[in-house]
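Everything below concerns the one structure shown next.
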There are 2 protein chains.
Amino acid sequence: MAIIYFDNNATTQVSPGVLEAMMPFFHDLYGNPSSAHSFGGQVAEKVTDAREKVAHLLGARPEEIIFTSGGTESDNAAIRSALADRPEKRHLVTSRVEHPAVRSLFRSLSKEGYRITEIPVNAKGELDMAAYQESLTPDTAVVSLMWANNETGVIFPVEKAAELAHEKGIPFHTDAVQAAGKIPVDLKNGAIDMLSLSGHKLHGPKGIGVLYVRRGTRFRPFIIGGHQEKNRRAGTENTPAIIGLGKACDLAARSIGEENTKVKRLRDRLEQGILSMVPHTRVNGGDVPRLPNTSNISFDFVEGEAILLHLDEYGICASTGSACSSGSLEPSHVLLAMGIPPSSAQGSIRFSLSVYNTEEEVDAVVGRLPGIIEKLRVMSPLYRAGKRGMPSHAA
Amino acid sequence: MAIIYFDNNATTQVSPGVLEAMMPFFHDLYGNPSSAHSFGGQVAEKVTDAREKVAHLLGARPEEIIFTSGGTESDNAAIRSALADRPEKRHLVTSRVEHPAVRSLFRSLSKEGYRITEIPVNAKGELDMAAYQESLTPDTAVVSLMWANNETGVIFPVEKAAELAHEKGIPFHTDAVQAAGKIPVDLKNGAIDMLSLSGHKLHGPKGIGVLYVRRGTRFRPFIIGGHQEKNRRAGTENTPAIIGLGKACDLAARSIGEENTKVKRLRDRLEQGILSMVPHTRVNGGDVPRLPNTSNISFDFVEGEAILLHLDEYGICASTGSACSSGSLEPSHVLLAMGIPPSSAQGSIRFSLSVYNTEEEVDAVVGRLPGIIEKLRVMSPLYRAGKRGMPSHAA
């Protein structure tokens with residue numbers, strides 16, 4: 001069965017060009033780039049080249065790029081560094097809709113005695129900027145706000161938020177794992193101090209990420225050991241993955257226009273198709289700036305997990321939220337923070353597209369969904385009551 | 001020019017079988033194993049299979065295996081977990097000859113207020129077991145001792161050391177990055193609580209490692225975020241690397257006999273050749289149990305870096321010590337701890353072999369070395385003085 005992969009916010013396929021770039025570094029050019037011999041040295045040159053490509057995508061300098069094992073490590077490293085640098089500060093600011101990589105870390109820190117402010121969002125998913133401004137205090141050690149939400153795609157004004165933090169001398173970190181490669185990111189003239197990026201979200205390999213640390217920002221290493229990455233991240237360099245990530249960033253820099261034309265057109269076609277074919281549906285975060293590839297749709301009167309199971313039978317891959325929280329039966333904390341009732345939140349599906357998707361795939365999904373939803377709804381007592389004339393909150 | 005790669009303790013080539021096992025998971029089976037759909041689920045099954053293979057190599061249970069980004073992360077995670085679990089304990093025990101992944105972390109912890117005991121070794125590289133026993137106190141939070149030394153190959157009696165720690169209720173971690181796959185490791189009935197393993201040291205990929213945590217040992221996660229690895233290590237699973245590591249462990253379990261016959265024979269041939277052809281040389285750690293693939297040889301009156309440069313011209317890859325400390329001009333802390341004078345320590349070369357090396361390669365190195373050493377020695381005033389009858393400490 002052909003797979004229709006609409007789960008690109010969970011992970012993406014490695015581009016053929018990326019895989020080709022990586023291949024020589026497993027079995028042939030396998031030297032350790034930190035070795036003294038030229039067999040290792042030639043790999044070090046390729047790492048330098050990859051670092052430049054990553055920097056270029058972000059509008060950063062190569063020396064501001066630290067290679068890590070992924071987005072989660074980057075988030076942990078950024079936040080722990082800020083805390084280690086100013087141990088006397090005991091207050092942290094984040095939002096209510098962060099990815100588990102930030103959210104769980106902050107919750108763990110709250111058990112260590114840190115005071116956490118989670119800034120709310122409104123029904124559209126927009127950050128409450130007034131609450132944010134008020135949250136910044138002389139005791140605030142660091143702010144961490146995501147650039148784009150992994151579940152809804154809603155984009156936060158992180159550049160503005162970083163400026164406000166800077167006015168008060170507070171370091172600013174952003175998890176840009178979903179933003180990088182999908183929307184323009186340019187760190188050159190901004191106030192963002194630290195940024196996380198993940199390889200496998202932009203058609204690069206898994207197991208590789210980046211922590212951007214602005215020149216002049218003090219950094220305390222998270223993983224301590226050898227002198228790799230200029231003493232900022234110990235451990236033998238993951239050279240095939242670094243070189244693959246360099247290529248992926250290079251390709252992303254070239255295709256970012258396509259994200260905002262081709263991918264957006266596909267996403268919009270999907271949404272229009274679903275909304276016109278299936279009653280009692282709405283797009284969460286659909287009214288505000290969001291990623292061009294992401295669509296989060298609530299289907300009233302049904303369970304998201306049940307929809308996924310039926311889609312799966314047709315080889316259609318989507319998700320109810322973050323893969324990092326799948327298995328949990330809790331409704332999405334992102335949708336709840338937007339004020340969506342738990343019953344609707346539990347009937348929400350995230351479709352996340354990529355440049356590798358096609359119009360035929362979109363049409364196939366739009367073709368399958370009405371039957372699936374109707375089949376599930378006829379089993380729902382609430383829906384049957386609604387059909388007999390009861391008003392639904394979604395009407 | 002054909003490369004003669006005698007630097008396998010720095011990193012190894014990915015075996016063809018390992019690369020073959022990994023390949024489908026980049027571009028075809030790229031699903032996120034934590035996803036709800038079966039496209040991701042089929043990858044989760046392969047991760048389970050890899051976990052069983054890793055566990056088998058170590059004589060462990062699959063649920064005791066946590067996948068990490070490499071040996072350094074595993075070391076950091078193990079030690080940080082022990083400290084977080086018993087924050088009131090402020091004393092740490094290690095050796096003077098650890099890899100930077102443990103040594104630098106402990107030195108960083110000493111700045112945070114921890115008291116560190118670094119157990120000495122004797123001239124043969126053996127751990128001072130009397131000093132070790134005395135070092136264990138009610139205030140000791142954790143012991144970390146390497147299984148086999150990365151520079152000399154000398155094997156520590158970690159199983160015995162773990163028992164002694166256990167008698168006092170102290171958790172025991174071992175960095176087995178160089179031991180795993182080269183000598184038998186069986187954790188089933190021992191007292192070792194935590195063990196670090198690295199993929200790229202045993203013909204697996206870079207960027208993947210393992211932290212073994214014995215069932216019943218309390219563990220506090222180092223990287224916090226999503227629920228991967230049963231909430232013990234957050235971040236999207238690096239599936240191609242995990243599957244590659246599973247295959248590498250499977251192959252290592254089968255070839256471990258070969259390590260101790262074929263590879264040992266090659267290493268011994270190399271040593272005998274060098275010692276018989278080049279005067280004023282000796283094998284560091286050669287008189288005690290050590291890894292079958294490692295040879296650390298001191299060449300008096302010359303600089304190791306100069307030897308490496310000349311070997312490099314012939315495509316011969318070796319090292320002066322850990323790649324994780326290359327670039328440093330300090331003599332090896334391992335050799336200094338063995339009481340080797342700094343001048344001799346700086347003239348030492350580590351040759352580390354693998355099952356992929358051949359007798360012809362050994363003979364080529366033995367053929368090249370005497371000329372290189374003689375050429376360097378004639379430039380050395382000390383050597384020329386020695387030739388005129390002055391006794392050298394190495395005579």
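Just so you know, these numbers come straight off a predicted model, no measurement behind them. Proteins come first, then strands; the chains are lettered A, B, ... in the order of their sequence lines, and each starts at number 1.
- Distance check, rounded to the nearest 0.5 Å: CG of L105(B) to CD1 of I223(A) gives 10.5 Å.
- Around atom CZ of R86(B), more than 12 heavy atoms belonging to other residues, nucleotides or ligands sit under 6.0 Å away.
- The shortest heavy-atom contact between T11(A) and G31(B) is CG2-C, 3.8 Å.
- Contacts between E112(B) and chain A at a heavy-atom distance below 4.5 Å are absent for every atom of the residue.
- With a 4.5 Å cut-off on side-chain heavy atoms, H37(B) and I3(A) do not count as touching.
- Of all heavy-atom pairs spanning S35(B) and A10(A), the tightest one is OG-CB, 4.1 Å.
- There is no contact between R107(B) and chain A, counting heavy-atom distances below 4.5 Å.
- Taking CG from N32(B) and CG from N8(A), the interatomic distance works out to 11.5 Å, rounded to the nearest 0.5 Å.
- Heavy atoms of A318(B) lying under 4.5 Å from chain A belong exclusively to its backbone.
- None of H200(A), H203(A), K206(A) except one satisfies the side-chain contact (heavy atoms from CB on, under 4.5 Å) rule with Y30(B); the exception is K206(A).
- The heavy-atom pair separating T72(A) from A234(B) by the smallest distance is CG2-CB, 3.7 Å.
- For L308(B), the part sitting under 4.5 Å from any heavy atom of chain A is the side chain, from C-beta outward, and nothing else.
- Between atom CD1 of residue I224(B) and atom OG of residue S104(A) there is a gap of 8.0 Å, rounded to the nearest 0.5 Å.
- Counting heavy-atom pairs under 4.5 Å between each of R103(A), M23(A), R80(A) and chain B puts M23(A) at the top.
- Comparing A241(B), G71(B), S38(B) by how many heavy-atom pairs each has under 4.5 Å with chain A, the most go to S38(B).
- Ranked by heavy-atom pairs under 4.5 Å with chain A, the first of V102(B), L311(B), V18(B), T12(B) is T12(B).
- Comparing C317(B), G70(B), S69(B) by heavy-atom pairs within less than 4.5 Å of chain A, the highest count is held by C317(B).
- When the candidates P16(B), P221(B), P240(B), S15(B) are compared by the number of heavy-atom contacts under 4.5 Å with chain A, P16(B) comes out ahead.
- With contacts defined as side-chain heavy-atom distances shorter than 4.5 Å, the pair M22(A)/F26(B) qualifies.
- There is no contact between R220(B) and chain A, counting heavy-atom distances below 4.5 Å.
- Contact of L19(B) with chain A is made through the side chain alone, with heavy-atom distances under 4.5 Å.
- E20(B) CD: 12 or fewer foreign heavy atoms inside a 6.0 Å radius.
- Interface remark: N76(A) contributes side-chain atoms only to the contact with chain B (heavy atom separation under 4.5 Å).
- At a 4.5 Å heavy-atom cutoff, the contact between F222(A) and chain B is made by backbone and side-chain atoms alike.
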